[in-house]
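Okay, structure first, notes after.
Position 1 is the first residue of the sequence, and the numbers go up from there.
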Amino acid sequence: MSTLRNWDYYNMTETFTDLYEKASQGHTFSYLYETIISRENILLAFRMIKTNKGSKTPGTDGKTIDDMKELSENDLVNEVRTKLRNYCPKKVRREWIEKDNGKWRPLGIPCILDRVIQQCFKQVLEPIVESQFFKHSYGFRPLRSAHHAMARIQSLINRGQLHYVVDVDIKSFFDNVNHRL
């Protein structure tokens, strides 16, 4: 729920709700850039990245969120807007993380300014695409969790007197997807 409080703090709730409702009605969007580079959206993106523990991990430029905290709000907003005038993201730092099963998976760590910029776009695009998703899809979606999925399953079991739950997982799916396309 802190996400919603942050939306309110930066006066973005109405904007995101409006995008969601228009997308639900089939509206197409042509002019989102002004919303993406708005002061409120940039400051919200910075706050969301700042609360992520990964923000302390440097990208290829060696900078972390602590380096960005030194900027005034105006300087931060201006830096993001300036970077977006001719945007070219920096290279991503590659680290290998050991999984519970002893195997390793790659992890890409973008530079901190690129993370803030990605968050600016995500915040504006997410309500639009969310309006098109199936309401009972819970994976990697805002304001949803595995607990919500379990509650839905329990409700269906109780109402429909169902006795089986099938869990499907494609082994190493993301490890085998062609990421170069």
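Judged by distance alone, with hydrogens and angles left aside, the side-chain atoms of Asn158 form a donor-acceptor pair with the main-chain N or O of Gln154 at under 3.5 Å. Without hydrogens or angle criteria, Ser155 side chain to Ala151 main chain gives no donor-acceptor distance under 3.5 Å. Side-chain N or O atoms of Arg115 include one that pairs as donor or acceptor with a backbone N or O of Gly54 at under 3.5 Å. A donor-acceptor pair under 3.5 Å is formed between the side chain of Ser38 and the backbone N or O of Thr35. Using modelled atom types, one side-chain atom of Arg93 and one backbone atom of Pro58 make a donor-acceptor pair closer than 3.5 Å. A donor-acceptor contact shorter than 3.5 Å links the side chain of Thr13 to the backbone of Asp8.
A distance of 10.5 Å separates CD1 of Ile117 from SG of Cys111, quoted to the nearest 0.5 Å. One finds the SG atom of Cys120 at 5.0 Å from the CG atom of Asn41 (value rounded to the nearest 0.5 Å). To the nearest 0.5 Å, atom CE of residue Met12 and atom CG of residue Leu19 are 8.0 Å apart. Taking CD1 of Ile49 as the reference point, atom OG1 of Thr51 lies at 7.5 Å (rounded to 0.5 Å). Atoms OG and CE, on Ser145 and Met150 in that order, are 10.5 Å from each other to the nearest 0.5 Å. To the nearest 0.5 Å, the span separating CG on Asp66 from NZ on Lys50 amounts to 10.5 Å.
Residue Asn101 qualifies as enclosed at atom CG: its count of foreign heavy atoms under 6.0 Å is above 12. Environment of NZ in Lys69: crowded, with over 12 heavy atoms of neighbouring residues, nucleotides or ligands closer than 6.0 Å. Around atom CD of Gln132, more than 12 heavy atoms belonging to other residues, nucleotides or ligands sit under 6.0 Å away. Within a 6.0 Å sphere centred on NZ of Lys99, other residues, nucleotides and ligands contribute more than 12 heavy atoms.
Side-chain contact between Asn52 and Ile65 is absent, with no heavy-atom pair separated by less than 4.5 Å. Between Leu113 and Val80, some side-chain heavy-atom pair lies under the 4.5 Å cut-off. Using a 4.5 Å heavy-atom cutoff, the side chains of Pro127 and Thr17 are not in contact. A heavy-atom distance below 4.5 Å is not found between the side chains of Asp67 and Ile112. Residues Phe16 and Glu126 fail the side-chain proximity criterion, which asks for heavy atoms closer than 4.5 Å. With contacts defined as side-chain heavy-atom distances shorter than 4.5 Å, the pair Arg39/Glu73 qualifies. Between Leu125 and Phe29 the shortest side-chain heavy-atom distance does not fall below 4.5 Å. Using a 4.5 Å heavy-atom threshold, the side chains of Arg85 and Tyr87 count as separate.
Closest heavy-atom contact between Ile36 and Ile42: O-CG1, 4.0 Å. Pairing each heavy atom of Lys91 with each of Thr60, the nearest pair is O-OG1, 2.8 Å.
Cluster annotation: Leu107 is not connected to Val92 through the hydrophobic network of ILVMFWY side chains, with a link wherever side-chain heavy atoms come within less than 4.5 Å. Val129 and Val124 are assigned to two separate hydrophobic clusters, defined by single-linkage of ILVMFWY side chains at heavy-atom distances under 4.5 Å. Tyr138 and Leu156 fall into different hydrophobic clusters, where Ile, Leu, Val, Met, Phe, Trp and Tyr side chains are chained together by heavy-atom contacts under 4.5 Å. In this structure, Leu32 is not a member of the same hydrophobic cluster as Tyr20, with clusters built from ILVMFWY side-chain heavy atoms closer than 4.5 Å. Ile109 and Trp104 fall into different hydrophobic clusters, where Ile, Leu, Val, Met, Phe, Trp and Tyr residues are linked whenever their side-chain heavy atoms come under 4.5 Å apart, directly or through other members.
A donor and an acceptor atom, one from each side chain of Gln118 and Asp114, are nowhere located under 3.5 Å apart. With hydrogens and angles left out, the side-chain atoms of Asn11 and Glu40 include no donor and acceptor closer than 3.5 Å. Donor-acceptor pairing under 3.5 Å is recorded for the side chains of Gln119 and Gln123.
Residues meeting the side-chain hydrogen bond (donor to acceptor under 3.5 Å, both in side chains) test with Arg81, sequence neighbours left out: none.
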- Query: So Phe121 and Leu84, side chain to side chain contact (heavy atoms under 4.5 Å, CB included) or not? Walk me through it.
  - Reply: CA-CA 11 Å; Phe121 279 82; Leu84 281 172; 3.9 Å; yes
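By the 6.0 Å and 45° rule, Arg47 stacks over the aromatic ring of Tyr9.
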